[in-house]
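Proteins get letters first, then strands, A, B, ... in listed order; numbering begins at 1 in each.
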Amino acid sequence: MSRLAKLTAALGAQQAQAELRWMLRELKAEAVDDAVKLRSQGYPLQYILGTQPFGGLDIICKPGALIPRWETEEWCLKLSKSLNPLENNKVLDMCTGTGCVLFLLLHELHNMNKSNRASIKTNSIFTGIGIDNSDAALDVSRQNLNQLPALEPLRSRIELLNHDIHKPLPASALSSTVVTANPPYIYSLNEADSSVSEHEPRNALLHQPRIYEDLVHRTLETSATKAVFEVGYLNQIDTCVDIFHKHKWRAWGEKDSNDNWRTVWAEK
Amino acid sequence: MFRNYALTKAMTSKLSSLESEYKTISNEFNDNYSIDLEKKLARIRPIITKYNEYKNTETEISELKSLTLDPELGNEAKKELSDSSENLKKLEQEIKYLLIPKSENYESSCMIEIRPGIGGSEAQLFASDLLKMYQNFCSNKKWAHETLVSSYNTTGGLIEANILIKEPSSFGYFQHEAGVHRVQRIPATEVKGRVHTSTAAVVVLPEISEEEFTIDMRELRFDVMRASGSGGQHVNTTESAVRVVHLPTNTIVTCQDERSQHQNKARALKVLQTRLAERDRLEKQLKTQQARTSQVNTTDRSDRIRTYNYPQNRITDHRSNVSLHHLSEVMEGGLKLSEIIESVDSALKNAYQG
């Protein structure tokens, strides 16, 4: 069976061609056969190619961390546009995984800042801190931080820490102004595609009790005035909105462009 | 025998007005740098340089003339005089060329679009050959380029491709590549060994910056491949194709070449912007009754501009009537292609001069 036929059987003609093209473009010629074999067995393309484009960044992907999704990219870019690049923003990203959310926000702020001449005078400083309780995920986010050329000017301003979000935040996170998270939210792995449940890290997918409650409480510990969390279900939005409202924040849910409930937004 | 006024009065007055324009812009440019002024200067500079040379030669000639009666230097002067007047004639020709109005956007970078025409899968194959030819040609010229869109049908045939060439004046360079390119060869699938004729259409558009032409995002519809179901962490989709529809004109651009929807969307928008700007420009041109012979939009066999004949290993341009026997080198994007491109440019210039 030819490479294309193998991929076509697994992915359909159109997608098989696109993916084979990407493999030929990005992999060494001798690696393509194995790549096709793995891919036709459902192994994620991003682990095979090693990256996933996310906004203007090519995020390094390894089995220790969740592969960035287009839905996350979508809200992340939207959030970056709502931030003022001339202010001293400090982003706290919980359950950071590959670090994609944190890195893209700071990358966008950096670009907006560069293209805005006024910033030369105001000299705004923005920094970031990413936390995760998985060492495997932190390995991937550190690789991204150290290896992505686009992050070079930001490297010294970003901190990555192993921390459990069920516990109070480390001191350095308390001065954050914006809080984000894409926590594990799937209730049962049967609901996920097999390519996801079999190959991506369980602890990045499977919902844990009180996770959204704790994300909101962590946010309230900081000096943040804005927060965005990704969700998988409407009731997860309700959980967050209720607590935010009790603390006199404005909070609401938003859908992604595929009409699924995807994020909860909150502003103080 | 020695002409003092080689250039017509109209030309000299045009030249002196260009001189003063050049001075004014240079002064402005020194105080206030702008890309726009730089472009204007770059356009006038070669003319001014040649005109100065021309005036110097003229002075030289009148000095030499006054010496022709000198008993000692007379013969020497006559000799030099004939050299100088040759030179003057040459400069006169060059200035005339330079004064021919350049097409609008001559200095712009450009986009080359390629689509298969008549000839089914053989035409699709030829279109991808042309794509490769232009890509490699730009690489060989060391011109930055990227392929914004290349879409294929399910059998792997090229439906449409679009290369952005980030080189100043590449529009001026490639503009006459627009038209129907014809290929004559035996397709790989042809069992009886017959030569088939197929075509591909090439369109060349000037690159437009966002400041020059903006699209109202409310007039766009984006279609993307969306998995049904909960999305998010539940699925890991790698389908990234994006289709942008400009609703008022029903212009459609599809991009599936990149790995993320975000990238494909950006590329599709760039292509859409260039096409709409060109459409806008043509409309304006029609309104002002200045419609020039524009680029071919059909893939009709009759408006072919060039033939790639494989059995004879020959490439012929039908405007300059220049033929080359380096077909495979040209198809690989070798710099031989520039001989053809430049032959067309001078053929069209000569036609303009009459």
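With hydrogens and angles ignored, the 3.5 Å screen pairs a side-chain donor or acceptor of A:Tyr185 with a backbone N or O of B:Gln233. Here the side chain of A:Arg69 pairs a donor or acceptor atom with the backbone of B:Val235 at under 3.5 angstrom. No side-chain donor-acceptor contact under 3.5 Å links B:Asn236 to the backbone of A:Pro44. Under the 3.5 Å distance criterion, the side-chain polar atoms of A:Trp22 are matched with a main-chain donor or acceptor of B:Asp257.
Of the listed residues (A:Leu11, A:Thr8, A:Asp256, A:Thr51), the greatest number of heavy-atom pairs within a distance under 4.5 Å of chain B belongs to A:Thr51. Counting heavy-atom pairs under 4.5 Å between each of A:Ser195, A:Ala13, A:Gly232, A:Gly55 and chain B puts A:Gly55 at the top. Ranked by non-hydrogen atom pairs under 4.5 Å with chain B, the options A:Glu71, A:Gln17, A:Glu191 are led by A:Gln17.
Distance check, rounded to the nearest 0.5 Å: OH of A:Tyr233 to NE2 of B:His234 gives 3.0 Å. Note that OH of B:Tyr152 is 5.0 Å distant from CZ of A:Arg21, once rounded to the nearest 0.5 Å. Going from atom CD1 of A:Ile59 over to atom OG of B:Ser260 covers 11.5 Å, rounded to the nearest 0.5 Å.
Within the 4.5 angstrom heavy-atom criterion, no atom of A:Ala16 approaches chain B. A:Leu4 does not touch chain B: none of its heavy atoms, backbone or side chain, sits under 4.5 Å away. Heavy atoms of A:Glu74 lying under 4.5 Å from chain B belong exclusively to its side chain. For A:Leu205, the parts sitting under 4.5 Å from any heavy atom of chain B are the backbone and the side chain alike. Looking at A:Ile186, both its backbone and its side chain come within 4.5 Å of chain B, counting heavy atoms on both sides. Heavy atoms of A:Leu189 lying under 4.5 Å from chain B are absent altogether. Looking at B:Glu239, the atoms closer than 4.5 Å to chain A (heavy atoms on both sides) sit in the backbone and in the side chain alike. Within the 4.5 angstrom heavy-atom criterion, no atom of A:Asp259 approaches chain B.
Environment of NZ in B:Lys265: sparse, with no more than 12 heavy atoms of neighbouring residues, nucleotides or ligands closer than 6.0 Å. Residue A:Arg25 places its CZ atom among more than 12 non-hydrogen atoms of other residues, nucleotides or ligands, all under 6.0 Å distant.
In terms of heavy atoms, A:Arg262 sits closest to B:Gly232 at NH2-N, 3.4 Å.
Tested against B:Thr238, the residues A:Gln46, A:Gln52, A:Glu19 include a single side-chain hydrogen bond (donor to acceptor under 3.5 Å, both in side chains) partner, A:Glu19.
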